[in-house]
Every structure is written in C-alpha cells, then in structure tokens.
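For reference, the structure is listed below as structure tokens.
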Amino acid sequence: MKLKLTLLAASMLVSLPAAVTHAANLTIATVNNGDMIRMQGLTDDFTKKTGHTVEWVTLEENVLRQRVTTDITTKGGSFDIMTIGMYETPIWGKNGWLVPMDDLSPEYNVSDILPAMSDGLSYDGTLYAAPFYGESSMIMYRTDLMEAAGLEMPDAPSWAFVAKAARAMTDRDKGINGICLRGKAGWGEGGAFITAMSNSFGARWFDENWDAQFDTREWSDTLNFYVNMMNDAGPLGFATNGFNENLSLFQQGRCGMWIDATVAASFVTNPKDSEVADKVSFALAPDNGLGKRSNWLWAWALAIPAGTQNEAAAKQFVEWATGTDYIELVAAKEGWANVPPGARTSLYENPNYQAVPFAQKTLDSILSADPNNSTVDPSPYVGIQFAAIPEFAGIATEVSQEFSAAYAGQQTVEQALAKAQALTNDAMEAAGYR
C-alpha cells in the first residue's frame, strides 16, 4: 500500500547550512516496516535543522524492490533517495547508478559503521549506501510456551529441536501455532528465508560451474522438512505470510517461535504493540550439525540515485537518518530498545544499549554470518540468502513462486524443485554463465 507523507517546516531557510543555498523537497522510497515508519514520524527534526522537506513513498517489500529497480534501470528519476540492501548496492554501484558515499562529513564517522555492513554496501572499496539498520536472523520464542512444553531452548539449537518444540507448543484449539516462518513469494521474502535455511542443510543455489542444484538431496531435504513442520505446527495460509504478517501473529500471541530478522526483537518486546512482550527470549538461528547456521546478513540502507537534482540535500538526509544523532533521538523519545540496530560499532559499546536483552544476541548473529563462505560445499557466489549476481532477483522471484505454490499444496515439493531446476538453468544459460 502506498503512503505519502509530506512534512513542511515553518521557516525553511533559517537553519540552512552554508553549503546549501536553497531548500529542497526530497522524495524517498522506503519499505513499510516499523523502523522506517518510525523514521517518518521523526522527520520534522530533519526539516527543522535543514529546511528541506520530505515526501515519502512507502511500499510493501516486494513492491518496493520492483519500483526502485525499474526506476534506477530506466533512469526514471522518481526518487532522490532509495531504500535498498546488500544485494542491490554493489551491483548498482558498479554500474554507476548510485552516488558514491565517499565524502560524508567527519562528524558522521563512516569508520564507526560495522565492517559487516560497510563491506556489504560497498563496491571496490567505495561505500554506495549507508545502513539505516543492519540485521541477521535469529529465533524469537515464547518462554511460557516452551516451559509448558517441558522443553528448554538451547542457545544454539538444531533444526531437529526446533521442529520438536514447534509441534509440542502447537495448540490449534487455542489458536497457537508452534512456529511462524516466511512462505510468501519474493526473492527477499520467503525466498530469503528458505535459501538461508537451505545453507544449513548443505544445499546451494549453484555449483562451481553455475549449474543449478535444485535436483539434489539437500534441497529436497530442506523443502520437505520445512513443509512438514509448517503443516504440523505453522499457521494456516503460511504460504502467503512474510515478515509483517508473521510479526503481527507473534505480537498477538499466536506463535510459539518465529525465526526472522533480528530487527524484529524490538517490536515483539515492546509492550505497546506486543501482547507477549514480557514472555519473549532469543536464540541463534538453527543448524544441522554441518557447520552452517541458517542466519542471513542484511542491511536496509539509504542510497542516492545518480542524476538526482538534489544530491547535496539527499546526502544531508542520509547523514541525519543513519548517524549517531538519530540513534540518540530515537532513544530519547522511545527508549534504547527501539533504536535502529546492527549498523554502528559504537551502539554495541554503549552501556545503555548493552542492557537491552536482545542486543548481544543480535550482534552475535551478525558477526557469525559470512557471505563469502555461506555454503557447506564450495559455491561461486557471494551472499547468504542471495547470490550476488544481477540475474538472481529475477530467477529467485520465479523460484520462490514455485516454492510458495508447493507450500500451498498446489503442487508437490518434487514438482516445485524440478521447475526451479529447469528455469534456473535456462536463465543462467541465456545469461551466458553456462
């Protein structure tokens, strides 16, 4: 759903810095998650400081990816700032589609950005997007339901334990699902989750010759395990649930466990929004004893498309939204648990934030994710929940649609994997990889 919000300053020119001679109206495309919506509510602080106004285009995740990709590749010029991630940034930076972030102010302190985030948002040593927040994935679970099931969550559980606990916590008569996981089609929605999960089962998208690997036992094991567990312990309609749908279910007390972005921890523990805020704890994403956990690495970041007429003002906004002053602003208004996580080293050195119950688990999850070595067997690509090649988004969107159809019972797992194998190899051959 598209939401536009324009924030105006009463006196636009009073506080303009010397480097900017006029007030600009910035158009920003962003995703409709809680942190980004919170930022919109605080944008009057930016307007008061700079005189610039902001028009927001807020979109569901899959739609956002489509809109910004179309705009950047066609030079549409619809946006001054785009919310993109670790997949797009290096590719678009290499293509010259983004403004380099190599002249941000000394006060911004680029060196404070966590290396895991700056590396993933750079190409050839140049930063092309600034992380608003960084994330991995982890288990969020109900302590009361785990105790009632007679189980104790390990700090680093296996998938076998998770499946056992999910079935034990399920109580359909009370509307409680033992586990909620993404099944929604989209390379960054359900596609991201199942790819990260598959790593822990020993699967990979491609072998070293760029041949698709969906005809392997490892992928069959991954999908069959997922489908069986979700049919037994997941919510009805899980095939269409993404991040926001599962967040709502968890906050309503309808999930025993949820494995998803670490950034969700602040939402499930916020008593203003979550009915189970005082009954939540955290664990690392599951593994299968093969040396790879199923956690991903991601940042939602702000980038400036090359060709914008408002580059200077756009950089001011990027510095405001992704800098330490914004973190302090959120902390003052909504508490340290609600600040954007995972982007800056200094945040995890701050005693106020160290006291947040999920802070260390988030950092541990981020630091354990290795996009250069994400699979058990060697693979030719960089990325954990994606392969960092231009063709991946289109291919993985189609593959995720086939998987979601299997989740919904519209075809078998075997049929979905066979279609994924064929369409992926066809696309890679057309692109010249094979």
Under 3.5 Å, sequence neighbours excluded: what are the donor-acceptor pairs made by side chains of residues 296-305?
residue	atom	partner	partner atom	Å
Trp296	NE1	Glu135	OE2	3.1
Trp296	NE1	Ser136	O	3.4

Review point. Are Arg182 and Tyr407 in a cation-pi setup, meaning NZ or CZ lies under 6.0 angstrom from the ring centre and within 45 degrees of the ring axis?
Key: no

Check your understanding: Are the side chain of Asp260 and the backbone N or O of Phe243 linked by a donor-acceptor pair below 3.5 Å?
Key -> no

Check your understanding: Cut-off 3.5 Å, side chains only: do Trp97 and Asn95 have a donor facing an acceptor?
Key -> no

Point to revise | Under the salt bridge (charged side-chain N to carboxylate O under 4.0 Å, His left out) test, residues paired with Asp287 that sit two or more places apart | key: Arg293

Review point. Where does the angle between the aromatic ring planes of Phe193 and Tyr226 fall among parallel (under 30°), tilted (30 to 60°) and perpendicular (over 60°)?
Key: tilted

**Study point:** Salt-bridge present (Arg434, Asp211; N to O < 4.0 Å)
**Key:** yes

Review point. Does the distance from a Lys or Arg side-chain N to an Asp or Glu carboxylate O, for Lys315 and Glu311, drop under 4.0 Å?
Key: yes

**Study point:** Residue pair Asn295 / Ser365, side-chain donor-acceptor N/O under 3.5 Å
**Key:** no

Check your understanding: So, Ser248 and Gln252: side-chain donor and acceptor under 3.5 Å apart, yes or no?
Key -> yes

Practice item. Give me the ring orientation class for Phe214 and Trp205: parallel if the planes are under 30° apart, tilted from 30 to 60°, perpendicular past 60°. Key: perpendicular

Practice item. For Asp221, check salt bridge (charged side-chain N to carboxylate O under 4.0 Å, His left out) against everything at least two apart and list the hits. Key: Arg217

Check your understanding: Taking Asp71 for the side chain and Ser78 for the main chain, is one N or O donor matched with an acceptor at less than 3.5 Å?
Key -> yes

Review point. Will you find, in the side chains of Asn33 and Asp35, an N or O donor that is under 3.5 Å from an N or O acceptor?
Key: no

